[in-house]
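Shown next, in structure tokens, is the structure this report addresses.
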Amino acid sequence: MTFKNEAALKAALVAACTNAVAEVEEKIYRTIDGNLNQFYGEFSPKLYIRTDALSNSLARTGVKPFGNGASAEVYFNTPSYSTGSWSGETVLNVAMESSVPHGGYAGGTPVWSTSMAELGNINALLIWALRAQGIPI
């Protein structure tokens with residue numbers, strides 16, 4: 001591929017970076033969302049009513065320009081609860097990493113650690129996506 005000038009080369013690189021970041025963000029979001037859905041399907045509480053605040057707290061920024069490239073984030077907003085004895089932060093910590101993610105009531109899928117194990121090295125995913133866009137890294 002040839003470019004008429006430096007501006008055309010830069011535009012092509014930024015577009016390729018943006019596409020790669022979007023692809024990786026989508027993969028991360030889908031993986032975490034899948035494990036979150038599995039988490040919710042593993043246990044049906046009998047002592048309390050689910051608010052789905054944790055389920056609804058998964059978010060993403062979408063791709064944003066960043067310098068000569070792009071960035072994106074997938075994250076959990078700390079869910080807020082008006083009832084119950086646990087704070088949103090406690091719920092996140094237990095559900096994301098714990099060996100008993102359902103608060104001690106049942107074992108199950110710790111959402112974050114399971115997702116990261118499935119995804120592997122995020123930098124390697126990004127490199128793969130950049131190569132798929134034609135950037136020889």
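Values reported hereafter were calculated over all heavy atoms of this structure, with side chains retained and with hydrogens, waters and symmetry mates removed.
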Query raised in the report: Which residue, Thr109, Leu36, Ile32, forms the side-chain contact (heavy atoms from CB on, under 4.5 Å) with Thr114?
Result: Thr109
**Report entry** Minimal non-hydrogen separation, Ala72 against Val21, with atom names
**Finding:** CB-CG1, 3.6 Å
Query - Separation of Asn56 CG from Asn77 CG (nearest 0.5 Å) - result: 10.5 Å
Query raised in the report: Hey, what do you get for CD (Glu73) to CZ (Arg60), rounding to the nearest 0.5 Å?
Result: 13.5 Å
**Report entry** Name of the residue among Val74, Val63, Leu126, Asn123 meeting side-chain contact (heavy atoms from CB on, under 4.5 Å) with Val24
**Finding:** Leu126
Query raised in the report: Is there a side-chain contact between Ile135 and Cys17, using heavy atoms and a 4.5 Å cut-off?
Result: yes
**Report entry** Min side-chain heavy-atom separation Ser113-Glu97 under 4.5 Å
**Finding:** yes
Query raised in the report: So, do Leu54 and Phe39 sit near enough that their side-chain heavy atoms are less than 4.5 Å apart?
Result: yes
Query raised in the report: Taking a hydrophobic cluster as the set of Ile, Leu, Val, Met, Phe, Trp and Tyr residues connected by side-chain heavy atoms closer than 4.5 Å, whether directly or through intermediates, do Tyr29 and Trp128 fall within one such cluster?
Result: no
Query - From CD (Gln38) to OG (Ser115), nearest 0.5 Å - result: 9.5 Å
Query raised in the report: Between the side chain of Tyr40 and the main-chain N/O of Ser55, is any donor-acceptor distance below 3.5 Å?
Result: yes
Query raised in the report: Hey, is Glu23 close enough to Lys27 for a salt bridge, meaning N to O under 4.0 Å?
Result: no
Query raised in the report: Are side-chain heavy atoms of Leu9 and Lys4 found at a separation under 4.5 Å?
Result: no
Query - Joint hydrophobic cluster, Leu130 plus Phe3, side-chain heavy atoms closer than 4.5 Å - result: yes
Report summary line: Rounding to 0.5 Å, atoms CD (Gln133) and CG (Asn19) come to a distance of 4.5 Å
Query raised in the report: Taking the side chain from Asn37 and the backbone from Asp33, do they hold a donor-acceptor pair closer than 3.5 Å?
Result: yes
Requested in this report: Can you measure from NZ (Lys64) to CD (Glu25) and round to the nearest 0.5 angstrom?
Outcome: 10.0 Å
Query - salt bridge (charged side-chain N to carboxylate O under 4.0 Å, His left out) between Glu26 and Arg30, worked out - result: CA-CA 6 Å; Glu26 180 64 22; Arg30 279 185 285 119; 3.4 Å; yes
Query - Closest non-hydrogen atom pair, Thr31 against Leu119 - result: OG1-CD2, 3.4 Å
Query raised in the report: What's the spacing between Phe76 CZ and Met96 CE if we round to 0.5 Å?
Result: 3.5 Å
Query - Tyr75-Leu125 co-clustered via ILVMFWY side chain contacts under 4.5 Å - result: no
